[in-house]
Protein chains: 2
Amino acid sequence: MSDTRTKLLDAAADIVREQGAAGASARAIAARAGVNQALVFYHFETVRKLIDAACRRAVDEAAGRYREQLAAVTSLVGLLDVGRELHRQERDAGNVALMAQLMSGAGRDPVLAEAARYAMDVWVGEIEPVVERALHDSPLAAAIDTVGLARAVSASFLGLELYEGVDPQGAASALDAVQLLGVLVEVVDDLGPLVRLALRAKLRSLRSGA
Amino acid sequence: MSDTRTKLLDAAADIVREQGAAGASARAIAARAGVNQALVFYHFETVRKLIDAACRRAVDEAAGRYREQLAAVTSLVGLLDVGRELHRQERDAGNVALMAQLMSGAGRDPVLAEAARYAMDVWVGEIEPVVERALHDSPLAAAIDTVGLARAVSASFLGLELYEGVDPQGAASALDAVQLLGVLVEVVDDLGPLVRLALRAKLRSLRSGA
DNA sequence: GTCTATAAGATGATAGAC
DNA sequence: GTCTATCATCTTATAGAC
């Protein structure tokens, strides 16, 4: 692969991370890459397509970096631990911010929307098997949709990342609260059949009540 | 208050909701308001200050619309019910999208960052007393930071809103999963002292283990 | 593949007539 | 308060020399 191509891909991802998709102009990206502005269009046709390609590559790389760690996780608390480590490292790397930028830019750009959907699918695809494994012997397994939970976890981390950009201390306290909820689920797991019965009764009463 | 001023405020909020902060140019806003472009600068000095004012007003109004409903909530499941109703209505009104746009634009604009922080503080201020009330008699009350939980709930809904813009069906299944977690917390509440003991033991073992 | 030059348009913001 | 006209600057994208 051409050197200029990869320089542009790297620079595009960096600019989106730091300035958002709105700030990622052909000139800004080319300047960062140290190449001529016209090469953006020679190699990628449009700015949008460059951003799309750069973000997909960044998401693939980031997901790959955590595949091993996630493969070793067997509990929800373990998942949240990796999530917190991931959050800390990728916040510095800017990769969660990059996803948030894709999502927020999706409204006015179908190419970004496609990239955003791809990014979310990649992460949900990584996390879902972990959730499945963590809840395998749990009394919750029958009640909960693991794909839905994986999506909720991914989306929540996305929201927390956005929040962190605005109020780092607030976001830290929010992460603590989420972690405690994970512990709670494990406690419920430990209590086993007792909870299964109570949960079933609760769900039944809620459904008939609503 | 001048008619033009309010027209511009309304138009600015609408454009941010529909096109994002990046698409909210002086010309676009003025066209939507049906007034001359130069009036943006006469009334608000800069485009940024107009967007800031418009978003703060929109957040205040949206929070006010749910104050009564939130005041009647006494459980976490009830909070999530209101949250889901709020999510459904404000998604159509675009007010959660507006917040997400503020957050994602915060990186490259300190004025937006201030507005974003204000928006988050407003919603956390509304939700925190509800969480406090919902957990008042709970075995979890001693362990959990209610402000942190309120922040986590707000940030998670923000992430879910972003996700919804990209994959509506995926977001719906994520919301279902979150709702089930709320039910779980209530089940734990019903089990009372038993859980309190188990939770304490778990937290102790986690702390000594780490 | 890479460069310069340039077209064609959008942007924030201002000056000055009314 | 509101308008027109305008500046300087930014944008995407292309044509054509090398």
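Within every chain, numbering begins at 1; the chains are lettered A, B, ... in the order of the sequence lines, protein sequences first and strands thereafter.
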In whole angstrom, what separates [X]'s [atom1] from [N]'s [atom2]?
{"X": "A:N36", "N": "D:dA15", "atom1": "CG", "atom2": "P", "answer": "16 Å"}
{"X": "A:L8", "N": "D:dA13", "atom1": "CG", "atom2": "P", "answer": "14 Å"}
{"X": "A:F44", "N": "D:dT14", "atom1": "CZ", "atom2": "P", "answer": "16 Å"}

Rounded distance [0.5 Å steps], [atom1] in [X] versus [atom2] in [Y]:
{"X": "B:L175", "Y": "B:E161", "atom1": "CG", "atom2": "CD", "value": "10.0 Å"}
{"X": "A:L70", "Y": "A:E68", "atom1": "CG", "atom2": "CD", "value": "10.5 Å"}
{"X": "B:D92", "Y": "B:H87", "atom1": "CG", "atom2": "NE2", "value": "9.5 Å"}
{"X": "A:E164", "Y": "A:Q169", "atom1": "CD", "atom2": "CD", "value": "11.0 Å"}

Next on the checklist: Please enumerate all residues that pass salt bridge (charged side-chain N to carboxylate O under 4.0 Å, His left out) together with B:R17, with sequence neighbours excluded.
Outcome noted: B:D14
Checklist entry - Which parts of nucleotides 9-16 of chain C does protein reach within less than 4.0 Å, heavy atoms only, written one letter per nucleotide 5' to 3' as B for base, S for sugar-phosphate only and - for none? => result --BBBB--
Checklist entry - Taking the side chain of A:Y42 as its heavy atoms from C-beta onward, which of C:dT2, C:dT4, D:dT4 lies nearest to it? => result C:dT2
Item to check | side-chain hydrogen bond (donor to acceptor under 3.5 Å, both in side chains) pairs, two or more places apart, involving residues 139-154 of chain B | outcome: A:Y163-B:R151, A:S173-B:R151, B:E128-B:T146, B:E132-B:T146
